[in-house]
There are 2 protein chains.
Amino acid sequence: MIDKAIQAITEPRRRDILHLVRDEELTSSAIASHFDISAPAISQHLKVLEEAGLVVVRRAGTKRFYGIRREGFAELMQYIESFWDHSLLRLKEAAEEEERRKHGNNEQ
Amino acid sequence: MIDKAIQAITEPRRRDILHLVRDEELTSSAIASHFDISAPAISQHLKVLEEAGLVVVRRAGTKRFYGIRREGFAELMQYIESFWDHSLLRLKEAAEEEERRKHGNNEQ
DNA sequence: CACTTAATTAAGTGTCAACTTAATTAAGTG
DNA sequence: CACTTAATTAAGTTGACACTTAATTAAGTG
């Protein structure tokens with residue numbers, strides 16, 4: 001799922017869509033009105049975002065309201081954070097390495 | 001830059017590369033040895049990651065050591081967080097909306 | 001049920017980016 | 001300087017994916 005989420009936010013128009021629905025639920029056609037690409041294109045983007053767990057749909061008659069799915073972004077954040085956290089370890093080691101180098105060792 | 005960073009982490013092999021260099025600096029060839037794609041392919045991936053600000057290079061003779069660049073991931077996290085934070089607002093509004101609906105209103 | 005509205009699915013097309021091999025750059029070593 | 005090692009740049013190929021228009025599904029309304 002994290003794979004799909006990252007894949008999903010890559011496409012710039014999908015990020016624009018996410019910005020639009022970030023603060024309020026919008027229908028497919030309301031979203032489409034903000035772009036100059038066809039409605040089916042928007043629909044396809046929404047499908048990708050939904051399958052990535054980044055948006056949710058709420059049906060109301062013939063309309064479908066799309067909105068942000070916070071859990072999806074939580075997963076994404078955790079993923080990004082994992083690089084940050086692990087690299088802290090490396091940073092510590094690098095500092096020690098630096099220390100050793102100052103004292104006359106050559107790496108490799 | 002955030003565009004490039006997101007673009008960069010989309011490609012699965014680049015994420016694998018990031019995992020490899022997350023805890024220790026590695027040379028291009030050391031990284032390449034973990035995959036069954038050609039060295040130039042790895043080199044091209046590393047270039048993308050560097051231009052996205054996600055890795056840094058340290059030259060040492062003919063070797064080039066690649067490692068994580070934490071600031072790049074910080075930017076990424078902030079971007080993802082922005083969706084999370086803003087959606088909190090929406091969540092609050094949604095709760096109020098829900099309240100209104102219970103009291104007999106129909107949305108649209 | 002015929003018609004409208006909202007949106008999707010289907011089918012086909014063009015572009016781009018992830019690879020390939022070959023050639024080149026760059027640093028070091030006898 | 002010739003040779004080796006490490007890595008990149010160059011040039012060309014292929015597949016995926018973001019579009020398009022046309023057709024279809026689904027819900028509601030006279």
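What you see below is based on every heavy atom in this structure, not just the backbone, and it leaves out hydrogens, waters and symmetry mates. Order of the sequence lines fixes the chain letters, A, B, ..., with proteins taken first and strands second; residue numbering starts at 1 for each chain.
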Query - Pairs touching residues 36-52 of chain B that satisfy side-chain hydrogen bond (donor to acceptor under 3.5 Å, both in side chains), sequence neighbours left out - result: B:R14-B:H45
Query raised in the report: Phosphate oxygens OP1/OP2 of D:dC19: is one of them under 4.0 Å from a side-chain N or O of A:H45?
Result: yes
Report task. Please report the C-alpha distance between B:L18 and B:I68 in whole Å, then the side-chain angles of each, then the deciding distance to 0.1 Å, and finally whether the side chain to side chain contact (heavy atoms under 4.5 Å, CB included) criterion is met. Result -> CA-CA 7 Å; B:L18 287 172; B:I68 282 282; 4.0 Å; yes
Requested in this report: Using a 4.0 Å heavy-atom cut-off across all strands, classify B:R13 as base, sugar-phosphate, or nothing.
Outcome: sugar-phosphate
Query raised in the report: Honestly curious: do A:M1 and B:I80 fall in one hydrophobic cluster under the side-chain, below-4.5 Å linking rule?
Result: no
Requested in this report: Round to the nearest Å and state the distance from B:I37 atom CD1 to C:dT20 atom P.
Outcome: 6 Å
Query raised in the report: Is there a donor-acceptor pair under 3.5 Å between the side chain of B:R69 and the backbone N or O of B:G53?
Result: yes
Query - Evaluation steps, side chain to side chain contact (heavy atoms under 4.5 Å, CB included), between A:S82 and B:R22 - result: CA-CA 9 Å; A:S82 78; B:R22 184 172 62 176; 3.6 Å; yes
**Report entry** Any pair counted as ring pair (Phe, Tyr, Trp, His ring centres under 6.0 Å), so long as it reaches residues 1-32 of chain B, sequence neighbours left out
**Finding:** A:F83-B:H19
**Report entry** nucleotides 2-13 of chain C: protein proximity per nucleotide (B base, S sugar-phosphate only, - neither; heavy atom, under 4.0 Å)
**Finding:** ----SSBBB---
Report task. Send over the distance from A:I9 CD1 to D:dC17 P, rounded to a whole Å. Result -> 16 Å
Query raised in the report: So, is A:Q7 near the phosphate of D:dA16, with a side-chain N or O under 4.0 Å from OP1 or OP2?
Result: no
**Report entry** Those residues that, when tested against A:L20, pass side chain to side chain contact (heavy atoms under 4.5 Å, CB included) (two or more places apart)
**Finding:** A:L26, A:I31, A:H34, A:F35
**Report entry** Qualifying residues under side chain to side chain donor-acceptor pair (under 3.5 Å), relative to B:D3, sequence neighbours excluded
**Finding:** A:R15
Report task. Starting from C1' on C:dG28, measure out to CZ on B:R59 and report it in whole angstrom. Result -> 14 Å
Report task. Could you summarise the pairing of DNA chain D as dot-bracket text, marking Watson-Crick and G-U pairs under 3.5 Å with ( ) or [ ] inside the strand and | across strands? Result -> ||||||||||||||||||||||||||||||
